Number of protein chains: 2
Amino acid sequence: MEPTAKRAGLTREKVLRAALALTDRDGIEKLSMRRLGTELGVEAMTLYHYVPNKSALLDGLVELVVSAVRTGEDAARADWTGRLRDLADSLRTELLRHPGVIPLVATRPVGTAAALRAVEATGAALVAAGFTPVVALRIVNAVATLVIGHCLAEAATTPGHPEPPAAALDLADFPALAAATAAGLGTPADHDARFTLALDALLTGLATTRP
Amino acid sequence: MEPTAKRAGLTREKVLRAALALTDRDGIEKLSMRRLGTELGVEAMTLYHYVPNKSALLDGLVELVVSAVRTGEDAARADWTGRLRDLADSLRTELLRHPGVIPLVATRPVGTAAALRAVEATGAALVAAGFTPVVALRIVNAVATLVIGHCLAEAATTPGHPEPPAAALDLADFPALAAATAAGLGTPADHDARFTLALDALLTGLATTRP
DNA sequence: TTGACATTCTTACGGCGTAAGAGACAGAGT
DNA sequence: ACTCTGTCTCTTACGCCGTAAGAATGTCAA
């Protein structure tokens with residue numbers, strides 16, 4: 001019987017999952033080594049046996065989220081724009097599932113094997129469609145960049161009050177802006193429309209560049 | 001004569017400019033109230049007379065950088081894609097001038113009048129070209145989002161070593177990636193090419209959606 | 001001069017990441 | 001059974017951070 005085990009039975013994996021859960025629940029700014037420790041029933045310094053420092057912990061969060069991205073390799077019949085769309089959609093849903101992690105994904109270079117595998121798979125589909133390897137990866141980069149930028153904006157405006165200082169401005173000075181907000185710009189449904197508009201435009205534009 | 005003035009003669013403006021200079025020189029993580037204070041020859045708490053808290057200071061940095069963006073209103077003869085291109089290029093150069101501020105711009109909603117004026121101006125040009133106000137602002141949003149996402153990636157890989165862990169991976173597993181890196185992917189000149197590719201594609205794609 | 005107000009400093013609190021090392025536990029070899 | 005070895009955990013401490021509270025100092029108008 002081990003009702004009060006002296007060893008907590010931790011793992012890098014468990015630590016990362018707990019950190020992700022804590023981030024999802026309380027936000028990234030509340031993620032501290034001490035807090036994560038108490039969450040796991042352990043002192044803060046204990047965590048340093050599973051992670052060299054906090055930066056590595058954050059890298060682990062990125063790894064966790066990005067690894068969940070599906071690139072649609074199975075549906076190999078999809079054309080290259082379909083593959084890019086799959087990548088974009090999957091990346092977006094994973095990011096929005098963990099809003100606190102988005103700034104980390106945007107900031108930290110992705111060197112993990114899982115992420116590179118996704119890039120490689122999509123890039124290979126583009127090469128098969130006739131693109132140069134260099135151009136193929138530039139295209140994948142462009143799509144990922146667009147998704148990350150969009151999700152940043154989408155998640156940044158979600159928390160409490162959207163933008164109270166904007167209300168203090170004289171809307172009469174900005175006719176186009178005023179007309180658009182009156183027509184529903186900024187509503188939650190609008191985020192989907194913004195994303196679709198941008199992605200569709202990018203993909204049709206890319207299609208015209210195919211050799 | 002005031003060789004050693006007891007009043008430092010500060011201003012919100014001066015504080016912000018000093019903060020921006022400090023960020024440009026030492027990086028955003030080194031920007032602390034105490035450090036900024038000593039930089040200005042003043043105690044940390046003094047700064048709180050010009051800025052309510054650190055978050056507002058960071059907002060001020062964003063404001064400072066974004067205000068410098070030129071939207072090409074003068075060259076009113078440029079067509080709407082030209083206006084968008086001007087916006088994108090100007091935003092990109094301003095952001096790259098202050099890499100430490102990019103994560104802030106990406107994260108914090110822009111409510112300042114100067115930023116809205118830029119959006120309004122470009123949006124108006126789109127409306128004049130036949131787009132709905134809502135669509136016009138979605139388009140401006142798409143371009144800004146793409147630029148920010150790209151600059152984030154570009155500035156994140158600049159500091160010290162690009163990605164040492166990537167070298168540890170077996171490149172044989174990623175043929176397309178390997179071929180592309182061998183062909184110069186990731187070099188500084190490649191950033192321009194990536195940006196141009198993405199922006200061109202987005203703009204041509206948008207052109208096909210014009211009513 | 002006298003107030004009123006704006007500006008600056010002092011002190012202090014609680015939180016952070018983490019360096020250094022001591023202690024407790026588990027399993028292997030004898 | 002005992003010790004050794006290496007893994008896991010805790011304790012203590014240092015220097016940093018943002019900022020609350022309020023006392024001191026400067027400036028200028030009445």
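It should be emphasised that the depicted structure is a prediction, and the values quoted were computed from it without experimental measurement. The chains referred to below are lettered A, B, ... by the order of the sequence lines, with proteins before strands, and numbering in each begins at 1.
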**Prompt:** Is any NZ, NE, NH1 or NH2 atom of the basic residue among Glu94(A) and Arg97(A) found under 4.0 Å from an Asp or Glu carboxylate oxygen of the other?
**Reply:** yes
Here the residues of residues 22-36 of chain A within 4.0 Å heavy-atom distance, strictly under, of DNA chain D are none
Taking only N/O atoms, report every protein-nucleotides 8-11 of chain C pair under 3.5 Å with atom names and distance.
from	atom 1	to	atom 2	distance (Å)
dT8(C)	OP1	Ala8(B)	N	2.8
dT8(C)	OP2	Tyr50(B)	OH	2.5
dC9(C)	OP2	Glu43(B)	N	2.8
dC9(C)	OP2	Thr46(B)	OG1	2.8

Those residues at least two apart in sequence (or on a different chain) that pass salt bridge (charged side-chain N to carboxylate O under 4.0 Å, His left out) with Glu43(A) are none
Query - Residues Arg85(A), Asp200(A): salt bridge by 4.0 Å N-O rule - result: yes
Residue pairs passing the ring pair (Phe, Tyr, Trp, His ring centres under 6.0 Å) test with at least one member in residues 29-49 of chain B, sequence neighbours excluded, are none
Strictly below 4.0 Å, N to O, side chains only: are Arg25(A) and Glu39(A) in salt-bridge contact? yes
Here the salt bridge (Lys or Arg N to Asp or Glu O under 4.0 Å) pairs for residues 12-21 of chain B, sequence neighbours left out, are Arg12(B)-Glu63(B), Glu13(B)-Arg17(B)
Residues at least two apart in sequence or cross-chain that pass ring pair (Phe, Tyr, Trp, His ring centres under 6.0 Å) with Tyr50(A), listed by chain then number, are none
Exercise. So does Asp190(A) pair up with Arg138(B), basic N to acidic O under 4.0 Å?
Worked result: yes
Atom CG of Asn53(B) and atom P of dC17(D) are separated, to the nearest Å, by 17 Å
